[in-house]
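The structure under discussion appears below in the form of structure tokens.
By convention in this document, chain letters (A, B, ...) are assigned in the order of the sequence lines, proteins followed by strands, and residues within each chain are numbered from 1.
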Amino acid sequence: MKYLILTLLVSVSTWAAATQTITPQNISCKVSKNTVAFAGVKTAYTLYDKNLTDVKTIKCEKVQMNGMNFYTVHYTAELHEAMQTNKILMYEVALLNKKGLSTVRSEVVDEFTVAGEAHGFDLSIKPEWLLSSADKSVQIKISISSKKDKPESYNIKFNPKSLWFEDVF
Amino acid sequence: MKALYLFIFTLLLQTLSLQAQAEDVSFSFVTNSSTILRSSDLTHPTEIAEGSIIRIDSVYLKKFLGTSSPSQEQVQRLLLNPGEASKGRIVTQSFRNIGSRRSSDDYFFDVSITTPSGETKTGSMALQYYSRSGLLELKRSDGLDPKKLSKADIVEQLEELLDSNRTEGRICATCEAASNRSSPVAPLTDIVRAARPAASADPTRARNNNLWADYQTFAREFTAAHPRITRANAGRMKREFLKALIARFGLDKAGLMLEAMTGFAEAPYRRDNKTQMAELAAIMKVVENRTNAKFSHRSRVLRDIGISESANPRITNILADWQFSAWNDRDNSLARILNFNPEKSDASTREKMRLSFEAQQKMQDSEITFVGGMNNTRVLHYHANYVTPNWARRSNRIDAALINVDGTTVNLSQQSGARHIFYSGVR
């Protein structure tokens, strides 16, 4: 038993040392059609999906890691599909580079058909930014919660080559 | 003379007894998953717990069927009429606009619900099942007279329910039977199994053996490793599914499998195998046309799993953002794909998936061919007949969607209930 606890403690401390949690900074932002203007950034950010309407931002944040500036926007919007109009809840991450802001992850948190039952969103997202000490990679632990089920978590990792946060399998 | 009076009296008593029995006949739906009940103004949906009994007053049966003593079949016709509600896409708002929101209107009727704890609730329900977000409702489609449906229609509708994994319902003839649960209650699967032609269940007719066999193996393993798909994890599960599928079979083979899965998830259910394959082939034709035209270039899910959007046009077009909605993270059809298991899925679902792979092979072998307007590489769009997207007004609608399956021409435009309308030259 003693060894088990010791092993667990060592494992936890090793994991804690391997990853460092970064707290994002809340920033103000304004939305116009499908572009978002983050405070302190000259160029506006165009959301990943171009044909969105009724975009409403919930929260904007800035994260500085490894010399990179990430901006996040958590928003709701309407998206017009071939068959129906959907209300979507999104979490999007943009990277600031010389050309401006480009999408590096666009996570569909929840969606429902506008003309349907319109229960509202059932799911919510809780991102946790992590910096790996081992390979200095930037990761986000995504937790999706619903009113019914326990939260589902998975990690995504920034790939500097593809300029996208890819799922860690 | 005395004996004659006694006989007439007995006959009268029997008639009265039968009449009284008939008046009591109503319908109960025993839930074993969450169900929705709305308040009488249909605004506040409430979830009804598993195991509840939904009881419909016989006055509604009389109103809709013209008799207070309907047969079981008549009750089924009334309640199990999916019509245009294929895949749960019918939107409540649109039929609210068609019908009144009053519970006395023929689209809705009062029901009482007895929960497993014994609590009784009342509210309104619409006449027909449909599923959204894993929940169940009852509704009736507009424009269809349930009394005029044939037996084949009813079987088809029951199969539609099964096909959509809506097998939770069990039908009983009387409320009393459902209340004490002592009488036998027939599962929908049994009703359909009894009615389905034996030939349609013959698995040896599949010719697309390798792809179909490999996919079944994969699906078996995936569902064993991921037995629980929820709305919260469906997006992540999709990415795991795609990553594993492509890693195992490579882009080309995985692309063909994904195409067959897309056909399975998008095509409406048809009872007749040739009609079913025509429906499946029509979806796959659109996928192929889009692939050849390199119609879509963006797919966030491919980027999420580290695969280039230019690696395989077929996969990119299938998984393109917001195109084939079966692949949307929170779509019910996605769960149907991810949950597919050749042993555990119901017979109807299994058969439709098998037919999708068979139809794909027949397309490659020119045993399924497209006629007239459908024989056009510019057929890139379709929509269900219960919606009218903006782009449809300025596009070339194919009025007769003709597909030849093994020498038989099927006209998809003439199918009853939910169907797809195809277009070419959408701008």
Which answer fits [X], side chain, backbone, both or neither, if we ask what part of it has an atom under 4.5 Å from a heavy atom of chain B?
X: A:Leu89; value: neither
X: A:Asn159; value: neither
X: A:Phe165; value: backbone
X: A:Asp49; value: both
X: A:Ser106; value: both
X: A:Ile156; value: neither
X: A:Glu152; value: side chain
X: A:Ile88; value: side chain

For B:Thr262 and B:Trp327, test the side chains for any donor-to-acceptor distance below 3.5 angstrom and give the result as yes or no. yes
Heavy-atom cut-off 4.5 Å, strictly under: side chain, backbone, both or neither for B:Asp321 against chain A? side chain
Determine the interplanar angle of the A:Phe70 and A:Phe158 rings, folded into 0 to 90°, and report it as parallel if under 30°, tilted if 30 to 60°, perpendicular if over 60°. perpendicular
Anything under 30° is parallel, anything over 60° is perpendicular, the rest tilted; go ahead and classify B:Phe241 against B:Phe222. perpendicular
With a 3.5 Å distance limit and no angle check, can you tell me whether B:Ser308 reaches the backbone of B:Ser310 through a side-chain donor-acceptor pair? yes
Has the side chain of B:Arg300 got a donor or acceptor atom that lies under 3.5 Å from a matching backbone atom of B:Ala320? no
For the residue pair B:Arg330 and A:Phe121, would you count it as a cation-pi contact if the rule is NZ or CZ under 6.0 angstrom from the ring centre and within 45 degrees of the ring axis? no
On the six-membered ring of B:Phe422, is B:Arg397 placed so that its NZ or CZ lies under 6.0 angstrom from the centre and within 45° of the ring axis? no
